[in-house]
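This report refers to the structure that appears directly beneath it.
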2 protein chains.
Amino acid sequence: MTGHSTSLASPPIDQTFLLSLLGYNCLQAYLKVAPPIKRLLAKYKLKPVEFTVLALVAENLQINQKRIGETINVSPPNLATLLDRMQENGLLERQRNPRDKRSHIVALTPQGQALYEKTRSSVANLERPASLSADEHDQLIHLLQKLFL
Amino acid sequence: MTGHSTSLASPPIDQTFLLSLLGYNCLQAYLKVAPPIKRLLAKYKLKPVEFTVLALVAENLQINQKRIGETINVSPPNLATLLDRMQENGLLERQRNPRDKRSHIVALTPQGQALYEKTRSSVANLERPASLSADEHDQLIHLLQKLFL
DNA sequence: TATTGTTATACTCTATAACTATA
DNA sequence: TATAGTTATAGAGTATAACAATA
């Protein structure tokens with residue numbers, strides 16, 4: 001029980017203007033969708049970014065750091081330390097590209113590959129919240145990609 | 001010119017799986033939409049969160065900190081320091097609620113009100129990126145709100 | 001006892017500058 | 001001279017615990 005017998009109920013919050021803004025809606029939607037995925041990945045001692053890197057490296061042979069960083073919006077210095085950590089955890093390896101010795105080709109270790117396969121299906125199972133039909137889910141993703149692809 | 005005459009073009013990145021995930025799409029869309037708004041607000045020495053607070057307080061008389069924090073996903077300690085800063089900048093004031101002296105009612109100062117009105121129209125003008133039709137824009141917002149409202 | 005808000009602090013994330021090595 | 005990546009570090013954002021005042 002909240003309040004007492006003579007109290008007015010809290011008026012609903014008016015966020016009409018904010019709700020008309022694309023950026024606000026994208027962020028609030030992300031903040032709603034992300035926590036369950038975070039909790040799931042935490043069981044495997046993975047952060048969302050790390051899972052993203054696993055996916056990108058698993059599905060792109062010979063990918064280098066520049067392309068990883070561009071794709072997932074992580075700057076070179078921050079990607080370097082992120083990959084350091086994943087490498088220490090035995091998830092991936094870096095080797096010099098013989099065709100251009102400045103760049104490093106990133107590849108998953110067998111453990112990294114195994115972890116990706118395990119977590120991938122779990123993450124996929126969290127897709128499509130109850131509040132969206134299958135059609136709405138697909139439509140939403142299609143529209144979001146028009147923004148950033 | 002990139003590469004040399006006999007080099008293969010970089011194969012396009014395969015992010016098929018990631019692009020099927022709602023959370024990934026929301027985040028990437030946000031990361032694309034946010035920077036222009038950030039730059040605009042920076043001219044007024046405002047951060048996006050601060051603008052959000054301005055909007056919420058301007059449109060909700062008698063709002064207290066608990067409801068602000070719940071609505072915009074900011075924890076009580078972090079909201080306290082955020083409001084401290086905005087108060088120091090002369091944008092808002094906090095007064096005890098006479099009906100419940102635990103809570104503080106937040107209200108804009110005339111300067112805060114003026115700043116909100118100025119920035120509000122500028123922010124609104126950044127809405128609807130060229131890649132979306134008016135219908136798509138409205139449809140996208142409608143679907144996002146099904147996720148978090 | 002529970003709730004609102006504050007303080008202090010730790011932790012994480014992100015951004016910037018300077019550097020090495022290759023091209 | 002430009003590019004890929006690294007190191008070090010600063011700054012911003014987020015999370016947690018302990019507390020005071022009020023209900």
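- Computed from coordinates, the Leu27(B) CG to dT14(C) C1' distance equals 13 Å when rounded to whole Å.
- Below 30°, between 30° and 60°, or above 60°: for Tyr116(B) and Phe17(A) the angle between ring planes is above 60°, a perpendicular geometry.
- Taking every heavy atom of both residues into account, Pro129(B) and Leu147(A) meet most closely at CG-CD2, 3.4 Å.
- At whole-Å resolution of the value, CD in Glu70(A) and P in dT3(D) are 12 Å apart.
- For the pair Leu83(B) CG and dG13(D) P, the computed distance is 14 Å after rounding to whole Å.
- His137(A) approaches Leu22(B) most closely through the heavy-atom pair CD2-CD2, 4.0 Å.
- Residues Arg85(A) and Arg94(B) each lie close to DNA chain C; by heavy-atom proximity, the contact nearer the 5' end of the strand is made by Arg94(B).
- When rounded to the nearest whole Å, the span between CG of Asn73(A) and P of dC13(C) equals 16 Å.
- His104(A) has no side-chain polar atom (N or O) that falls below the 4.0 Å cut-off from OP1 or OP2 of dA21(C).
- Between Gln87(B) and Leu92(B) the shortest heavy-atom distance is CG-O, 3.4 Å.
- At the heavy-atom level, Arg67(B) lies nowhere under 4.0 Å from the strands shown.
- Remark: Lys47(B) in residues 30-66 of chain B come within less than 4.0 Å of DNA chain D through at least one heavy atom.
- Looking only at atom types and distance, the side chain of Asp135(A) has no donor-acceptor partner in the side chain of Ser133(A) under 3.5 Å away.
- Other members of a hydrophobic cluster containing Ile105(B) are absent, since no ILVMFWY side chain comes under 4.5 Å of it, directly or through relayed contacts.
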Using a 4.0 Å heavy-atom cut-off to protein, can you give one letter per nucleotide of nucleotides 16-23 of chain D, 5' to 3': B if the base is in contact, S if only the sugar-phosphate is, - if neither? BB---SBS
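- For the pair Met86(B) CE and dT6(C) P, the interatomic distance rounds to 14 Å; values are reported in whole Å.
- Atom C1' of nucleotide dA12(D) and atom CG of Leu79(B) are separated by 17 Å, given to the nearest angstrom.
- Classification of Arg128(A) and Asp138(A) as a salt-bridged pair fails, no side-chain N sitting under 4.0 Å from a carboxylate O.
- Across all non-hydrogen atoms, the minimal contact from Gln139(A) to Leu143(B) is CG-CD1, 3.7 Å.
- Residues Gln28(A) and Ile72(B) come closest through the heavy atom pair NE2-O, 4.1 Å.
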